[in-house]
Amino acid sequence: MRIAKFFSPTIICFGVAALAAFLPRGAHASELDIPPDARQAIDLMYIGKPGEAIALARKLEDARPEHPLGFLIEADVLWWNIYCKWSERKYNTIDAWSHTRPADADDNEELALADKVSRLAEAAIAKSDTAEMELYAGLGYASRARLLGLRYEKVPVARAGVEARKHLLRCLELDPNMADAYLGLGLYNYYVDTLSALAKILRFFMGIPGGDKREGLRQLEIASTKGELTRLEARFNMAKSLRNYDFDYPRAEQAAAPLLAAYPQNCIFLLLAGDIEQKLGNKEGATAKFRTAADSWEGTACAERAHKLAREALASIGANE
């Protein structure tokens, strides 16, 4: 069964992922103000310590209650936990697949944070329009879209995605070098062009701007190499898109490789990379990554879920744990 027939939560799934080690050196100095605590919080998120990451994010919120960044980081930490919670092996692929379900407490908290990010950024824009705040406004709407996409709420996802696109385009008008905006725009262009026939009919009646798959991949490449906040997020989504919809496993492997170079013990990254290796027919490589995923991280619900998925993947290729 071809995966491309199904609606994935990454249809318009774009969020922020800051990483100090991945920040470009000697690049254009953008308007982004990324304090050390923000970088540390995101690092903690990716090494499997969400509680400590949220504590630092809330420290940022207390220090700068009118600035969106702390709330955006907290939303991102929660999103990865949600993504992990709903991940499963389906269509012989590990992902958090979209399906209709009622909201739970995590969903409500995530949406409240996403909405706060957008409100704070738009309030700042009303006083003085800047590329930084347009970026945060777009990412706030994008955070809303990715959660609703996971629940298969097509119309609300489309509305949030269009709002995100509007702010990200404005961001680039104000600062053409703000490469982080290309994450959201790239995913928008890619997935709008990859939608099912039913979704395309919905797009027509709602007047949603069209997309271009090749342009989307080009924009994701920009974000993954030049972004200050979104490099890992761009690579993760690019690798998933190439795997799920283009079935271009060699390119997906290349896109995913820097994720493990930065965080070799990240369970989510390991599951993605192992899944791609399995599709490439590399049993040895897939086994090694799934075994590492089965032993990485401890003490969180995400770790338990990832360990279960890794064991299932190992069984699927006839490898002993």
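Predicted, not measured: the structure shown is a model, and the values here were computed from it. The residues of the chain are indexed from 1 along the displayed sequence.
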Report yes if the side chains of [X] and [Y] come closer than 4.5 Å at any heavy-atom pair, otherwise no.
X      : Y      : answer
Met238 : Gln219 : no
Ile42  : Met45  : yes
Ser128 : Thr130 : yes
His167 : Glu122 : yes
Phe290 : Glu277 : no
Asn189 : Lys213 : no

Residues Arg170, Asp129: salt bridge by 4.0 Å N-O rule: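 Result for this pair is yes, salt bridge flagged.
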
Apply ring-ring contact (aromatic ring centres under 6.0 Å, His included) to Trp297 and list each qualifying residue two or more places apart in sequence or on a separate chain.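 For Trp297, no residue satisfies ring-ring contact (aromatic ring centres under 6.0 Å, His included) once neighbours in sequence are set aside.
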
Please check if any side-chain donor atom of [X] sits under 3.5 Å from a side-chain acceptor atom of [Y], or the reverse.
X      : Y      : answer
Tyr190 : Asp246 : yes
Asn81  : Asp106 : no
Thr93  : Lys279 : yes

I'd like to know whether NZ of Lys59 has more than 12 heavy-atom contacts from other residues, nucleotides or ligands below 6.0 angstrom.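 No, because the 6.0 Å sphere around NZ of Lys59 holds 12 heavy atoms or fewer from other groups.
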
Can you tell me which residue among Trp80, Tyr46, Tyr263 is in a ring pair (Phe, Tyr, Trp, His ring centres under 6.0 Å) with Phe236?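 Exactly one candidate clears the test, Trp80.
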
With Trp97, the ring pair (Phe, Tyr, Trp, His ring centres under 6.0 Å) member among Tyr83, Tyr152, Tyr91: Tyr91

Using only the SG atoms, establish whether Cys267 and Cys302 come within less than 2.5 Å of one another.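 Unbridged: Cys267 and Cys302.
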
Quick one: NE2 on His307 to CG on Asp295, what's the gap to the nearest 0.5 Å? 7.0 Å

Say you draw a straight line from CD of Glu132 to CD1 of Ile125; how long is it, rounded to the nearest 0.5 Å?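 Between Glu132 CD and Ile125 CD1, I get 10.0 Å after rounding to 0.5 Å.
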
Suppose we call two aromatic rings close when their centres sit under 6.0 Å apart. Are His67 and Tyr136 close by that rule? yes

